Amino acid sequence: MRFLQSLGASTISKLTAIGRATLMLFGALVAVPRVKNIPLVIQQLYVVGVQSLLIIMVSGLFIGMVMALQGYTILVDYGAEGSLGPMVALSLLRELGPVVTALLFAGRAGSALTAEIGLMKATEQLSSLEMMAVDPLRRIVAPRFWAGMLAMPMLAVIFSAIGILGGHLVGVDWLGVDSGSYWSIMQSTVDWNQDVINGVIKSVVFALVVTWIAIFKGYDSIPTSEGISKATTETVVYSSLAVLGLDFVLTALMFGIE
Amino acid sequence: MNFVLLLDDLNLICTTRFAYCVLFMQRCLVEGRQQNTMEHLVEIDNLTFSRGDRVIYDGITLNVPKGKITAVMGPSGIGKTTLLRLIGGQLIPDEGDILFDKESIVSMSRKALYKARRKMSMLFQSGALFTDMTVFDNVAFPLKEHTNLSDDVIATIVALKLQAVGLRGAADLMPSELSGGMARRAALARAIALDPDLIMYDEPFAGQDPISMGVLVKLIRELNDALNLTSIVVTHDVKEVLTIADYIYILADKRVIGEGTAQQIRDSDSELVQQFLNGKADGPVPFHYPAPELEKSFLGERK
Amino acid sequence: MNKYKTEVMVGFFVALTISALLLLALKVAEQSVATEGDSYTLYAKFDNIGSLKARSAVKVGGVTVGRVSSITLDKDDFTPIVELSILKQYNGFPETSSVSILTSGLLGEQYVGFQPGFSFDGVADLQDGDYLQDTKSALVLEDLIGQFLFNRGSDE
């Protein structure tokens with residue numbers, strides 16, 4: 001009986017949280033974007049995008065290099081090291097680009113968004129906006145949401161491109177795979193719609209989920225130091241799990257069923 | 001130093017003050033005719049509010065007269081800030097009604113509520129300045145959001161508002177560089193940026209040194225009179241409030257336990273009011289949080 | 001925050017994204033190959049296409065001259081029809097040319113090997129929409145093993 005009760009209670013609280021999150025997003029996005037708010041989005045694009053750029057570029061470079069190194073040692077046994085290019089490119093474009101970017105983004109920008117909004121709540125800045133007749137959903141939440149939605153696909157594209165260059169660096173410049181075959185076999189294998197566009201679609205979905213979770217967790221946090229630290233942790237955990245779970249679903253939809 | 005500056009500064013708003021003096025005299029005449037029907041800006045009628053299972057207010061009624069400073073006092077944890085949030089429409093009461101300028105805040109549409117909020121402003125305990133903007137931008141914020149004034153005009157208004165609180169020289173500082181008292185004064189400048197009808201002060205004196213406290217007391221009084229504001233001051237600092245408030249409500253135990261002018265409150269024969277005014281440790285408001293008797297706890301008869 | 005610096009950095013971010021997209025478009029997914037305008041279509045019927053797919057390469061002596069644009073099944077005789085899209089610049093193959101389905105490397109993917117035939121008098125060049133007559137199907141491992149066992153059986 002007690003088990004059933006706790007199950008019911010947690011289901012109800014989860015469902016109301018989802019309801020609140022939906023209302024929050026709806027409240028933030030229902031407004032027609034105003035020209036006045038574009039500088040706010042640019043400001044946030046700087047915070048979530050530009051400031052994540054370094055970690056994304058460095059990670060992309062190293063992941064591309066590692067994949068080239070690992071791929072080479074396996075492919076060379078079959079004399080198929082020419083397939084290194086497509087292997088690196090496809091893994092990056094289809095999976096690693098969107099997924100790793102989303103995970104890094106959740107850790108770097110998502111947690112910062114949660115903490116920022118949570119602290120704004122704790123220091124009564126959100127209340128004070130409301131009392132100034134400025135809707136914090138539109139003034140604070142909406143620009144951050146749009147910036148996240150824009151920044152993550154951009155970062156994922158940069159991640160993949162740098163990874164492919166990193167793979168070239170290791171595969172071609174260090175291990176001696178022929179540069180021509182690295183690119184040409186890649187070109188004959190990689191398809192613009194199937195691989196590049198699908199990867200971007202994935203990262204748009206991840207952007208929605210991660211940014212939404214980050215903003216909601218901050219907005220809904222208990223305004224104490226303990227509450228904010230819990231909310232920040234939950235942002236990273238929930239968005240990482242959501243990204244990995246959704247990645248499977250999206251992969252199945254895009255590449256699994258033909 | 002601050003006092004001298006302030007007195008100078010206030011000369012600047014003297015012109016407005018003069019205009020309001022005329023208005024005030026006119027109103028006095030009107031009031032003279034109407035005698036007992038004093039005009040109320042905020043009327044709270046039989047309000048009940050609870051948070052979760054905890055009842056915070058149980059049927060309180062209080063009125064805030066226009067153009068006056070009304071103080072709401074009470075022990076900590078009584079939910080005085082909650083009262084301000086209820087007036088601001090951030091919380092919805094379980095029962096009862098709140099009228100702002102004769103309109104019900106409770107049943108207002110969201111749009112109307114946001115419109116009504118432009119006529120009120122609130123000074124939060126922490127100041128609640130936006131930490132990512134300078135003091136200047138903080139004060140300019142409500143102007144930029146709600147008006148289409150040009151940057152020059154906004155700069156002039158901001159300078160005047162900051163001058164009124166004595167912080168014109170601190171316009172380019174970030175909120176983190178201000179002391180607590182200065183942050184509160186900057187927040188006050190922001191609160192009066194749009195010339196509201198009502199200012200709600202949430203614990204304006206908490207944690208202030210005697211000098212900043214004196215400055216704030218003076219500012220609240222002067223601004224109220226000069227700008228013809230209505231002020232609600234929520235606090236538990238008895239001494240300061242008795243000097244500036246025109247009318248005082250004392251809340252305790254979910255109810256209004258005393259009300260009146262400063263003199264009426266001082267002369268109150270309510271034990272509760274006297275305990276609060278004189279800061280006695282024990283009395284009707286018990287020193288001990290409700291608990292089983294000490295002997296029983298120690299002797300193990302917990303149940 | 002310096003507004004100018006913010007805007008410059010966001011501009012840099014956008015420029016970086018665009019150049020990354022260009023790299024992906026031009027160097028990685030090479031968009032320009034075999035677009036409709038500069039190619040012509042040939043058809044070939046195979047008995048078995050193995051694991052040939054749309055977008056597989058068509059090669060002449062190792063040089064890619066086009067791609068498989070689609071694979072369909074003939075409703076009358078139930079054999080696969082492979083539609084080959086050949087670049088316009090590689091035209092003038094004689095009618096006697098043959099195509100076979102080959103595998104690149106031991107584990108590589110399958111492609112269409114195009115063998116230009118001899119051209120002598122009376123043999124026309126292949127035109128847009130022509131069928132290639134001479135086709136060799138993909139090698140299927142089971143068939144090979146079956147053939148091997150059959151040959152052994154007849155030897156004894």
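All figures in this text were calculated on a predicted structure; none of them were measured in a lab. So that the names make sense, note that chain A is the first sequence line, chain B the second, and so on, each numbered from 1.
Per-residue counts of heavy-atom pairs under 4.5 Å with chain A were compared for B:R118, B:R190, B:M122, B:M200; the largest is that of B:R190. Between chain A and the options B:K144, B:R117, B:M120, the largest number of non-hydrogen pairs under 4.5 Å is found for B:R117.
In this structure, no portion of B:L194 lies under 4.5 Å from any heavy atom of chain A. If you measure heavy-atom distances from B:K115 to chain A, you find no contacts under 4.5 Å at all.
Side-chain contact between A:K202 and A:T251: present, with at least one pair of heavy atoms (C-beta onward) separated by less than 4.5 Å. Taking the side chain as every heavy atom from C-beta outward, A:L155 and A:M57 never approach each other to under 4.5 Å. Two residues are said to be in side-chain contact when any heavy atoms from C-beta on lie closer than 4.5 Å; B:Y201 and B:L188 meet this criterion. You'll find the side chain of B:S179 reaches within 4.5 Å of the side chain of B:M182, heavy atoms only.
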Derivation of the salt bridge (charged side-chain N to carboxylate O under 4.0 Å, His left out) call for A:E226 and A:K230: CA-CA 6 Å; A:E226 194 195 4; A:K230 187 165 163 262; over 6 Å; no

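The minimum heavy-atom distance linking B:A183 with B:L129 is given by the pair O-CD1, 3.7 Å. Taking every heavy atom of both residues into account, B:F141 and B:M133 meet most closely at CD1-CE, 3.7 Å.
Between A:D135 and B:R110, at least one side-chain N (NZ, or NE/NH1/NH2) sits under 4.0 Å from a carboxylate O, which counts as a salt bridge. Using a 4.0 Å cut-off between charged side-chain N and carboxylate O, B:D195 and B:K119 make no salt bridge.
The stretch residues 2-13 of chain A participates, sequence neighbours left out, in no salt bridge (charged side-chain N to carboxylate O under 4.0 Å, His left out) pair at all.
Within residues 85-99 of chain B, the residues having any heavy atom under 4.5 Å from a heavy atom of chain A are, by residue number, B:R85, B:G88, B:Q90. Proximity to chain B among residues 103-125 of chain A is limited to A:T123, A:E124, A:Q125, judged by heavy-atom separations below 4.5 angstrom. Heavy-atom neighbours of chain A within the stretch residues 150-158 of chain B, taken at a separation under 4.5 angstrom, are nonexistent.
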